[in-house]
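Here the structure is a predicted model, which means the values were calculated and not measured. Below, all heavy atoms of this structure are taken into account, side chains as well, without hydrogens, waters or symmetry copies.
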Amino acid sequence: MKTDKKLIGAGLLTAIAASLCCITPVLALVAGTSGLASTFSWLEPFRPYFIGLTILVLGFAWYQKLKPKKQIDCNCETEEKPKFIQSKMFLGIVTAFAIVMLAFPYYSSIFYPKKEKQIIVVDKSNIKKIEFTISGMTCESCGEHVNHEVNKLTGIISSNASYENGNAIVEFDNSKTNISEIEKAINSTGYSVADKKEN
C-alpha cells in the first residue's frame, strides 16, 4: 500500500517537473513578476525524460492496481475496502492530472490576455521592423510572455515571438518607442536578447 502512494507521488512530481518550464511564465504573469518567467527553462532539455518517467511510473502503478490478486485458501481474512488515496478512482484522478500537466505547453497560450490595441500611425516612414534573436525560450508560453511584455509599450504595432525560431519580430512606430526600450522589455521577462537586426 505504501508503494502505491510512492508511485502516485512520483508520477505527480515527474508530470509537474515536465511542465514546470512552461507553467512558470504563466505563474509569473499572474503574480506580476515577469522576470521569473525563465527560472525553470533549464529543465526543458530533461522534459522528454520526465515525460517518459511519468508514463513509466503511472503505468507501473496501474499494473499494480489491476493485476489479479492471489487467492487465499483460508476464509479467515476479510477483504477490507481500500482508502480513497489507495483506490483506482484516486489513481485515475492523478493520471488525468498528469496528462493535463504534460499537455500544458500546447494550451498555455490561452492564459495570456488578448488585448485589442488601437494603433494610430501619424507618419508611415516612422514604422520600423526589427528581429530579435532571443535565448532561453522553450515553449509557446515563453513566446506569449515575450509578446505580452513587448505589447505593453506604446507604439508597438505587432510582436510575433517564436520559441521554435528563437526570435521575436517586432513592428513599431519609432516616434513612440525605440529598439532599446523593446530590448529592455524582452530582457525583463528573464529571456535575453542575443542579437538584433533591422528588416
Side-chain angles (χ1 to χ4, degrees), residues 15-52 54 99-199:
I16 290 169
S19 56
L20 199 56
C21 60
C22 299
I23 291 172
T24 309
V26 174
L27 295 177
L29 175 71
V30 171
T33 55
S34 62
L36 297 174
S38 66
T39 306
F40 293 101
S41 63
W42 61 273
L43 285 173
E44 176 61 21
F46 304 105
R47 182 171 160 71
Y49 301 108
F50 285 130
I51 291 171
T54 302
I99 291 168
V100 167
M101 295 307 291
L102 293 175
F104 189 81
Y106 304 106
Y107 63 84
S108 61
S109 60
I110 64 170
F111 293 101
Y112 288 91
K114 301 285 184 221
K115 291 184 180 176
E116 289 296 320
K117 292 179 71 164
Q118 187 175 18
I119 301 161
I120 300 169
V121 179
V122 177
D123 186 358
K124 288 193 181 223
S125 66
N126 288 335
I127 296 175
K128 304 284 181 203
K129 191 184 256 190
I130 187 160
E131 179 180 353
F132 293 94
T133 303
I134 304 171
S135 61
M137 294 193 300
T138 57
C139 67
E140 281 184 47
S141 185
C142 303
E144 287 294 328
H145 191 66
V146 168
N147 288 334
H148 179 75
E149 288 302 310
V150 169
N151 279 316
K152 285 181 180 178
L153 298 171
T154 307
I156 299 296
I157 296 168
S158 70
S159 173
N160 185 11
S162 166
Y163 85 95
E164 288 135 341
N165 300 327
N167 70 353
I169 298 171
V170 181
E171 194 173 6
F172 65 100
D173 182 340
N174 73 348
S175 68
K176 296 178 181 168
T177 192
N178 58 47
I179 293 170
S180 65
E181 287 297 312
I182 298 168
E183 186 174 349
K184 201 184 301 180
I186 294 170
N187 288 333
S188 76
T189 62
Y191 312 112
S192 55
V193 172
D195 194 19
K196 54 187 174 268
K197 64 179 180 189
E198 281 194 57
N199 291 342

Enter the distance from Met137:CE to Glu164:CD here, rounded to the nearest 0.5 Å.
9.5 Å
Qualifying residue, where the test is side chain to side chain contact (heavy atoms under 4.5 Å, CB included) with Val170 and the options are Ile156, Ile179, Ile157, Asn151:
Ile156
Those residues at least two apart in sequence (or on a different chain) that pass side chain to side chain donor-acceptor pair (under 3.5 Å) with Glu171 are none
For Ala161 and Gly143, the nearest pair of non-hydrogen atoms, with its separation, is CB-O, 3.5 Å
Taking side chain to side chain contact (heavy atoms under 4.5 Å, CB included) as the test, write out the residues that go with Lys184, two or more places apart.
Glu181
Checking Asn178 side chain against Ser180 main chain: does a donor-acceptor pair fall under 3.5 Å?
yes
Least distance between heavy atoms, Ser188 atom then Glu149 atom
OG-OE1, 3.9 Å
Taking only residues at least two apart or on different chains, which pairs with a member in residues 185-196 satisfy salt bridge (Lys or Arg N to Asp or Glu O under 4.0 Å)?
Glu183-Lys196
List the atom of Gly155, the atom of Lys176, and the distance in Å for their closest heavy-atom pair.
CA-CB, 3.8 Å
Apply side chain to side chain contact (heavy atoms under 4.5 Å, CB included) to the pair Thr154 and Thr177, showing each step before the final yes or no.
CA-CA 6 Å; Thr154 307; Thr177 192; 5.8 Å; no
Working for side chain to side chain donor-acceptor pair (under 3.5 Å), residues Asn147 and Ser159
CA-CA 6 Å; Asn147 288 334; Ser159 173; 2.8 Å; yes
Rounded at 0.5 Å granularity, tell me how far OG1 in Thr54 sits from OH in Tyr49.
14.5 Å
Is the shortest side-chain heavy-atom distance between Val146 and Tyr191 below 4.5 Å?
yes
Mind checking side chain to side chain contact (heavy atoms under 4.5 Å, CB included) for Asn160 and listing every partner two or more places apart, or none if nothing turns up?
none
Looking only at heavy atoms, what is the nearest atom pair of Glu131 and Asn167, with distance?
OE2-ND2, 2.9 Å
CD1 (Ile182) and CG (Asn187) are apart, to the nearest 0.5 Å, by 12.0 Å
So, do Ile130 and Lys197 sit near enough that their side-chain heavy atoms are less than 4.5 Å apart?
no
Kindly determine whether Val150 and Ile186 satisfy side chain to side chain contact (heavy atoms under 4.5 Å, CB included), including the steps that lead there.
CA-CA 7 Å; Val150 169; Ile186 294 170; 3.6 Å; yes
Check side chain to side chain contact (heavy atoms under 4.5 Å, CB included) between Ser135 and all other residues, then give those that pass, not counting sequence neighbours.
Ser192
Tell me every residue that passes side chain to side chain contact (heavy atoms under 4.5 Å, CB included) with Asn174, counting only those two or more places apart in sequence or in another chain.
Asn126, Lys128, Phe172
